[in-house]
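Have a look at this one before I ask anything.
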2 protein chains.
Amino acid sequence: MKPTEVLSQITPLSADCMQAIDELTEQKHYTKGSIIHPSGKVCKHLYFIESGLLRFFYHDRDAKDVTYQFFGENLFTSVINSYYTQTPSLYNIEAMEDSSLYVLRFADFEALLSRFPELDKVYHSVLREFLLSAEQRIISLQFYSAEERYRNLLENQPSILQRVSLGHIASYLGINQATLSRVRSKVRL
Amino acid sequence: MKPTEVLSQITPLSADCMQAIDELTEQKHYTKGSIIHPSGKVCKHLYFIESGLLRFFYHDRDAKDVTYQFFGENLFTSVINSYYTQTPSLYNIEAMEDSSLYVLRFADFEALLSRFPELDKVYHSVLREFLLSAEQRIISLQFYSAEERYRNLLENQPSILQRVSLGHIASYLGINQATLSRVRSKVRL
DNA sequence: CGCACTTTTTGACTTTTGTCAAAAACATTC
DNA sequence: GAATGTTTTTGACAAAAGTCAAAAAGTGCG
């Protein structure tokens, strides 16, 4: 799907507005493994994932590669905290699969916002989705054990487990790969 | 401060708009220990904290009292996920100190939004703050040890440590009270 | 198929955090 | 200031998760 299609499912948008979005949005293709946004740079783009899978990750104090979040098709994403605070992004964004994205400069998006107030609603809606998923994440990290977190993932986003290596999932869940492997063999029984 | 004062620091608001907010907003006082919103009910209000300290908590599977979040003066808050999804709130909101709040019904807020589009900006801004703080929280839970989380809290929100008992802080950090007590005596050295 | 490479699992051990209960410290009230 | 209740610390032990390294399994390719 194209971003305007998804957006207009949230609120109906005028033809003008959709056209303006289309004009400012650029479709880009990334091959598996390529870096879409490098850490250390302020993130100035909004991304919409048409197909593929993205991973936010960074290198912790021991230079270990830690996954912060995955984003799959039909989602909007960006390193929002980097943009909002105009500070360098902690995260790299990497394509885990060949991915087709629509890219929009944040500055252009803001111009669109003031030109088409109807966009405020979809903006709210996107922020809200971010917020709800962040809250879910906090609850899972604060209250659940490694095993429970794995089970939750298995229930709620089983497709990710198919598409991503265990090491990435382990760091995403905040646990050690060996531990995750053990949890998993236990869960299988 | 009053909510309109804080809001107009974000974006200047028209006198009309401020007056409309004032009219729909009700000031309420809660004594220490009282429940502002009970879990199990959909949360239909926005709260602005003029003074005092609030705590979101809930009872986990073993009926243990677990703190999800603290909110201090000059902040807006609400059980947003409950409102957004129209599902019962997981959390109770409790006044940890005698607190003075301004309360606004969500439905009224939404009416204000459509009447005064200028409010979209402040709404974005509030959502954004929520989001940034949620992200901080995730990072802290995902990547830091119990001791580091305590040190972070000590650096970033030392006042909370003065105002709240250790048990609440422990559950907020996702660790056991005894563990926190030990960490603390170690940090003091 | 066989080789090189990557990912996952397993074993032995360590560290971190949790549990439960009692003691100590602190507060409050009469 | 003794008595009561609450919160914090501590001790002894248990469980969960991490570490490191090697073995096993899986993948891709000439």
Side-chain angles (χ1 to χ4, degrees), chain A residues 31-34 53 55 57 59-67 70 94-98 138 140-154 158-189, chain B residues 31-34 53 55 57 59-67 70 94-98 138 140-154 158-189:
Chain A
T31 55
K32 178 173 177 171
S34 57
L53 182 65
R55 173 173 88 100
F57 74 97
H59 292 103
D60 75 358
R61 289 151 290 180
D62 313 322
K64 256 184 260 166
D65 165 329
V66 181
T67 296
F70 300 102
E94 180 193 358
M96 302 297 291
E97 304 172 350
D98 291 354
I138 292 171
S140 140
L141 289 166
Q142 185 180 3
F143 306 131
Y144 293 91
S145 68
E147 183 176 333
E148 291 169 317
R149 273 178 266 159
Y150 175 72
R151 284 179 188 276
N152 281 331
L153 190 65
L154 201 62
S159 73
I160 287 187
L161 293 167
Q162 253 70 64
R163 297 162 79 181
V164 158
S165 80
L166 210 59
H168 295 331
I169 295 196
S171 69
Y172 169 69
L173 293 174
I175 52 189
N176 186 282
Q177 176 173 347
T179 303
L180 178 55
S181 175
R182 281 181 251 260
V183 161
R184 205 201 212 179
S185 67
K186 201 167 125 203
V187 169
R188 265 198 296 259
L189 304 182
Chain B
T31 56
K32 178 172 177 170
S34 56
L53 183 66
R55 173 172 87 101
F57 74 98
H59 292 103
D60 75 0
R61 290 152 288 180
D62 312 323
K64 256 184 260 166
D65 164 332
V66 180
T67 296
F70 299 103
E94 180 194 358
M96 302 297 290
E97 304 171 352
D98 290 355
I138 292 171
S140 139
L141 289 166
Q142 186 179 4
F143 306 131
Y144 293 92
S145 68
E147 182 176 332
E148 291 169 317
R149 273 178 266 158
Y150 175 71
R151 285 179 188 275
N152 280 332
L153 189 65
L154 200 62
S159 72
I160 287 186
L161 293 167
Q162 253 72 64
R163 297 162 78 180
V164 158
S165 80
L166 210 59
H168 295 330
I169 295 195
S171 69
Y172 169 69
L173 293 175
I175 53 190
N176 187 283
Q177 176 173 347
T179 304
L180 179 55
S181 176
R182 282 181 251 260
V183 161
R184 203 203 214 180
S185 66
K186 200 168 125 203
V187 169
R188 263 200 296 261
L189 302 184

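Chain identifiers are assigned alphabetically (A, B, ...) following the order of the sequence lines, protein sequences preceding nucleic acid strands; residue numbering begins at 1 within each chain. Side-chain atoms are counted along with the backbone in the values below, which use heavy atoms only and exclude waters and symmetry mates.
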task: Mind listing the closest non-hydrogen atom pair of A:Leu161 and A:Tyr150 along with its distance?
output: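 Heavy atoms of A:Leu161 and A:Tyr150 come nearest at CD2-CE1, 4.0 Å.
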### Query
Could you state the CG-P distance from B:Leu161 to D:dT8, rounded to the nearest angstrom?
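In whole Å, D:dT8 P lies 11 Å from B:Leu161 CG.
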**Study point:** Distance (rounded to the nearest 0.5 Å) between A:Ile160 CD1 and A:Met96 CE
**Key:**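 Taking CD1 in A:Ile160 and CE in A:Met96, the distance rounds to 9.5 Å.
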- prompt: Is the shortest side-chain N/O distance from B:Thr179 to OP1 or OP2 of C:dG18 below 4.0 Å?
  reply: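 Looking at the OP1 and OP2 atoms of C:dG18, one of them is under 4.0 Å from a side-chain N or O of B:Thr179.
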query: What are the two closest non-hydrogen atoms of A:Thr67 and B:Gln142, and how far apart are they?
result: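 Taking A:Thr67 first and B:Gln142 second, the nearest heavy atoms are O-NE2, 2.8 Å.
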**Asked** Out of D:dT9, C:dT9, D:dA17, which has the shortest distance to the side chain of A:Ala146?
**Response**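 Nearest nucleotide to the side chain: D:dA17.
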- Taking atom P of D:dA17 as reference, at what distance in whole Å does atom CG of A:Leu173 sit?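 The answer, rounded to whole Å, is 12 Å.
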query: Whole Å only: how far is the OH atom of B:Tyr150 from the C1' atom of C:dT17?
result: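 Interatomic distance, OH of B:Tyr150 to C1' of C:dT17: 17 Å.
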Considering all heavy atoms, the nearest B:His168-B:Ser171 contact: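 Taking every non-hydrogen atom into account, O-OG, 3.2 Å.
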Worksheet item: OP1 or OP2 of C:dT9 less than 4.0 angstrom from a side-chain nitrogen or oxygen of A:Arg184, does that happen here?
Response: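 Yes, A:Arg184 has a side-chain N/O under 4.0 Å of OP1/OP2 on C:dT9.
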Open item on the list: What is the distance, to the nearest angstrom, from the CG atom on B:Leu180 to the C1' atom on D:dT7?
Closed with: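 Those two atoms, CG and C1', are 13 Å apart.
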field: Nucleotide of D:dA17, D:dT9, C:dT19 approaching B:Asn176 most closely (side-chain heavy atoms)
entry: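 Shortest atom-to-atom distance from the side chain points to C:dT19.
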Original post:
Which one, C:dT7, D:dT19, D:dT9, comes nearest to the side chain of B:Gln177?
Top reply: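 Out of C:dT7, D:dT19, D:dT9, the nucleotide with an atom closest to B:Gln177's side chain is D:dT9.
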Just how far, in rounded Å, is C1' of D:dA17 from CD of A:Glu147?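 From A:Glu147 CD to D:dA17 C1': 12 Å.
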**Message:** On the side chain of B:Arg182, is there an atom forming a donor-acceptor pair with the base of C:dT19 - under 3.5 Å, no angle test?
**Reply:**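 For B:Arg182, whose side chain was compared with the base of C:dT19, there is a donor-acceptor pair (under 3.5 Å).
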(Q) Measuring from the side chain of A:Leu166 (C-beta onward, heavy atoms only), which nucleotide among C:dT9, D:dT9, C:dT7 has the closest atom? (A)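 The listed nucleotide nearest to A:Leu166's side chain is C:dT9.
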Query raised in the report: Which nucleotide, C:dG18, C:dT10, D:dT19, lies nearest any side-chain atom of B:Ile175?
Result: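 Shortest atom-to-atom distance from the side chain points to C:dG18.
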Whole-Å distance between D:dT7 C1' and B:Gln162 CD?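 Spelled out: CD on B:Gln162 to C1' on D:dT7 is 16 Å.
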Among the candidates C:dT17, D:dT19, C:dT8, find the nucleotide nearest to the side-chain atoms of B:Ser145.
->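 Minimum distance to the B:Ser145 side chain belongs to C:dT17.
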Practice problem: For B:Leu173 and B:Leu180, work out which heavy atoms get closest and say how close. | Solution: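 Taking every non-hydrogen atom into account, CD1-CD1, 4.2 Å.
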Nearest-angstrom distance from the residue atom NZ of B:Lys32 to C1' of C:dA27: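 Taking atom C1' of C:dA27 as the reference, NZ of B:Lys32 is at 11 Å.
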Q: Grab the CD1-C1' distance between A:Ile169 and C:dT7 for me, whole Å please.
A: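 Interatomic distance, CD1 of A:Ile169 to C1' of C:dT7: 12 Å.
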